[in-house]
Colleague: 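This structure is in structure tokens; I'll ask about it shortly.
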Amino acid sequence: MTSAPIPVLSTIDARVRLLSLNAVLFDLDGVLTPTADVHMSAWARLFSPYLASRGIDEPYTDADYFAYIDGKPRYDGVRSFLASRSITLPEGTPEDAPELETVCGLGNRKNSAFTETLQSEGVAPYPGSLRFLDAVADAGLLVAVVSSSRNAEPVLRAAGIRDRFDVVVDGLVAAEKGLAGKPSPATYAYGAELLGLTPQQCVVVEDAHSGVQAGRDGKFGLVLGVNRGAGASELLGSGADIVVDDLDELLPLSSSSTPTPGQPS
Ligand SMILES: O=P(O)(O)OC[C@H]1O[C@@H](O)[C@H](O)[C@@H](O)[C@@H]1O
């Protein structure tokens, strides 16, 4: 981590910049819904016994999740974590059964745990994120979801917010279009393109290092970090312009001190 001070936007400056832009691209897990926790626990249910089965002493921890897995597409997460323990496995294919010891097999094993929890426990959006989403829409900005997850559609439906978004770029869309996953900016850039906008006209909202990095490297107009455990200074270090603990810290959006889009300031 750098020791030089990182320039951080104030809440007021972040509001002003947000309202000068045209759209907000939301990550899903950990930003709109608390499903980053469901992913995190499903990864632990995969990797803790897996490392033990290979006789590896260094246990899987939450820090591993944030460093190697958070925000990345499923199989990239598997590969990246295994590399941290110097394990290389055959890639396999997305159709691999969860019992297979391949990158895809392990990823699918984790997905069984994720799906099980989603179905048994359901999911409700973060109330502060819903308020922020309402405020952004009221201010006339477009909204989209850009998630690495292949489960984004069922998560959005389970949370009751699927109809809030015309554009959803998820892990399945990325695979179909051959787009590189986060930290590459490709999926966010595609989301902007589907809205008819440039990255510079869009805000990225992210809770993961990989996603914040994508926003920074894609030169998006504003990168909002939400700290759900990755760490505020770490998210700033990865390229967030401002980090909040909850998106409603940025409300109200339309105060007398902030211009609304299309209106003179
Ligand atoms: O396995 P899925 O549902 O395709 O999701 C992969 C990833 O999706 C991302 O949205 C999460 O932030 C990651 O932590 C998760 O591992």
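Numbers here are sequence positions counted from 1.
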Colleague: Would you please test Tyr75 and Asn108 for side-chain hydrogen bond (donor to acceptor under 3.5 Å, both in side chains) and show each step?
Modeller: CA-CA 9 Å; Tyr75 308 122; Asn108 294 345; 2.7 Å; yes
Colleague: To the nearest 0.5 angstrom, please state how far the CG atom of Asp76 sits from the CZ atom of Phe81.
Modeller: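 Going from CG on Asp76 over to CZ on Phe81, the span is 15.5 Å.
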Colleague: Does Arg157 offer a backbone N or O that forms a donor-acceptor pair with the side chain of Arg162 under 3.5 Å?
Modeller: no
Colleague: Can you find a heavy atom in the side chain of Gln119 that is under 4.5 Å from one in the side chain of Pro154?
Modeller: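 They are not in contact (no side-chain heavy atoms under 4.5 Å apart), so the answer is no.
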Colleague: Ignoring hydrogens and geometry beyond distance, is a side-chain donor-acceptor pair present between Glu193 and Tyr188 at under 3.5 Å?
Modeller: no
Colleague: Answer yes or no: is there a donor N or O on one side and an acceptor on the other, between the side chain of Asp64 and the main chain of Thr61, under 3.5 Å?
Modeller: yes
Colleague: Please determine whether a side-chain nitrogen of the Lys or Arg among Arg17 and Asp241 lies less than 4.0 Å from a carboxylate oxygen of the Asp or Glu.
Modeller: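 Salt bridge: yes.
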Colleague: Distance from Leu28 atom CG to Glu206 atom CD, nearest 0.5 Å?
Modeller: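 It comes to 10.5 Å.
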Colleague: Would you kindly confirm whether Leu118 and Met40 end up in one hydrophobic cluster when ILVMFWY residues are joined by side chain heavy atoms under 4.5 Å apart?
Modeller: no
Colleague: Roughly how far, to the nearest 0.5 Å, is the CZ atom of Arg45 from the NZ atom of Lys110?
Modeller: 10.5 Å
Colleague: Are Leu18 and Leu32 linked, directly or through intermediate hydrophobic residues, by side-chain heavy-atom contacts shorter than 4.5 Å (ILVMFWY only)?
Modeller: yes
Colleague: Are Asp27 and Val205 packed together at the side-chain level, in the sense that at least one heavy-atom pair is separated by less than 4.5 angstrom?
Modeller: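 SC-SC contact between Asp27 and Val205 ruled out.
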Colleague: Search all heavy atoms of Ala214 against all heavy atoms of Pro185 and return the closest pair with its distance.
Modeller: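 Ala214 and Pro185 have their closest heavy atoms at O-CB, 3.3 Å.
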Colleague: Between Arg15 and Pro252 (side chain of the first, backbone of the second, donor and acceptor by atom type, cut-off under 3.5 Å), is there such a pair?
Modeller: yes
Colleague: Please find the pair of heavy atoms, one from Asp207 and one from Val31, that lie closest to each other, and give the distance.
Modeller: N-CG2, 3.6 Å
Colleague: If you compare all heavy atoms of Ala124 against all heavy atoms of Pro34, which two are closest, and at what distance to 0.1 Å?
Modeller: O-CD, 3.0 Å
Colleague: Using a strict 4.0 Å threshold on nitrogen-to-oxygen distance, state whether Arg109 and Glu99 make a salt bridge.
Modeller: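 No.
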Colleague: In terms of hydrophobic clustering (I, L, V, M, F, W, Y; side-chain heavy atoms under 4.5 Å; direct or indirect links), are Tyr126 and Leu130 co-clustered?
Modeller: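 As far as the 4.5 Å side-chain criterion goes, Leu130 and Tyr126 are not connected within one cluster.
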Colleague: Check whether the side chains of Asn111 and Asn151 place a donor and an acceptor atom closer than 3.5 Å, and report yes or no.
Modeller: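 Yes - a donor-acceptor pair under 3.5 Å links their side chains.
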Colleague: Please enumerate all residues that pass side chain to side chain contact (heavy atoms under 4.5 Å, CB included) together with Val38, with sequence neighbours excluded.
Modeller: Thr35, Phe114, Thr117
Colleague: Identify the heavy atoms of Leu51 and Pro59 that sit nearest to each other, and give their distance.
Modeller: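 Closest approach of Leu51 to Pro59, heavy atoms only: CD1-C, 4.0 Å.
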Colleague: In Å, rounded to the nearest 0.5 Å, how long is the span from CG of Leu46 to OG of Ser41?
Modeller: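 Here the interatomic distance stands at 11.5 Å.
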Colleague: Between atom CG of Leu141 and atom CG of Leu133, what is the distance when rounded to the nearest 0.5 Å?
Modeller: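 Reported to 0.5 Å precision, the distance equals 11.0 Å.
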Colleague: Can you tell if the side chain of Leu25 reaches within under 4.5 Å of the side chain of Val203, non-hydrogen atoms only?
Modeller: no
Colleague: Does the side chain of Tyr50 pick up a donor-acceptor pair with the side chain of Glu101 at under 3.5 Å?
Modeller: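 Checked: Tyr50/Glu101 side chains pair up, N/O donor to acceptor below 3.5 Å.
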Colleague: Which side-chain N or O atoms in residues 164-181 pair as donor and acceptor under 3.5 Å with protein atoms at least two apart or in another chain?
Modeller:
residue: Arg164; atom: NH1; partner: Asp134; partner atom: OD1; Å: 3.0
residue: Arg164; atom: NH2; partner: Asp134; partner atom: OD1; Å: 2.8
residue: Asp170; atom: OD1; partner: Leu172; partner atom: N; Å: 3.1
residue: Asp170; atom: OD1; partner: Val173; partner atom: N; Å: 2.8

Colleague: For the residue pair Glu249 and Phe132, establish whether any side-chain heavy-atom pair is separated by less than 4.5 Å.
Modeller: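 No; the side chains remain at least 4.5 Å from each other.
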Colleague: At their closest point, which heavy atom of Thr33 faces which heavy atom of Pro125, and how far apart are they?
Modeller: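 Closest heavy-atom pair between Thr33 and Pro125: CG2-CA, 4.1 Å.
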Colleague: Please find the pair of heavy atoms, one from Ser148 and one from Gly71, that lie closest to each other, and give the distance.
Modeller: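 Taking every non-hydrogen atom into account, OG-O, 2.6 Å.
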Colleague: Does any non-hydrogen side-chain atom of Leu89 lie less than 4.5 Å from one of Leu82?
Modeller: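 Heavy-atom side-chain distance check passes, below 4.5 Å.
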Colleague: Is there a side-chain contact between Val243 and Val226 (heavy atoms, below 4.5 Å)?
Modeller: no
Colleague: Kindly determine whether Leu253 and Val136 satisfy side-chain contact (heavy atoms from CB on, under 4.5 Å), including the steps that lead there.
Modeller: CA-CA 7 Å; Leu253 286 184; Val136 159; 3.8 Å; yes
Colleague: Any chance you could measure Tyr60, atom OH, to Phe47, atom CZ, to the nearest 0.5 Å?
Modeller: 6.5 Å
Colleague: Does Lys182 reach the main-chain N or O of Val146 with its side chain, forming a donor-acceptor pair under 3.5 Å?
Modeller: yes
Colleague: Determine whether Val204 and Leu222 satisfy the following criterion, side-chain contact (heavy atoms from CB on, under 4.5 Å), listing intermediate values before the conclusion.
Modeller: CA-CA 6 Å; Val204 161; Leu222 176 67; over 6 Å; no
Colleague: Using modelled atom types and a 3.5 Å cut-off, is there a donor and acceptor pairing between side-chain atoms of Asp96 and backbone atoms of Thr93?
Modeller: yes
Colleague: So if I apply the side chain to side chain contact (heavy atoms under 4.5 Å, CB included) rule between Val244 and each of Leu250, Thr11, Leu235, which one comes out positive?
Modeller: Leu250
Colleague: Pick one: which of Asp248, Asp246, Asp138 meets salt bridge (Lys or Arg N to Asp or Glu O under 4.0 Å) with Arg131?
Modeller: Asp248
Colleague: Would you mind reporting whether Leu224 and Ile242 have side-chain heavy atoms less than 4.5 Å apart?
Modeller: yes
Colleague: With a 4.5 Å limit on heavy-atom distance, are the side chains of Asp29 and Ser147 in contact?
Modeller: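 Yes; the side chains approach each other to less than 4.5 Å.
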Colleague: Whether the Lys72 and Ser80 side chains hold a donor-acceptor pair (N or O, under 3.5 Å, no angle test) is what I'd like checked.
Modeller: yes
Colleague: When you measure from the side chain of Arg54 to the backbone of Ile87, do you find a donor-acceptor pair of N or O atoms at a distance under 3.5 Å?
Modeller: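 Answer holds: no.
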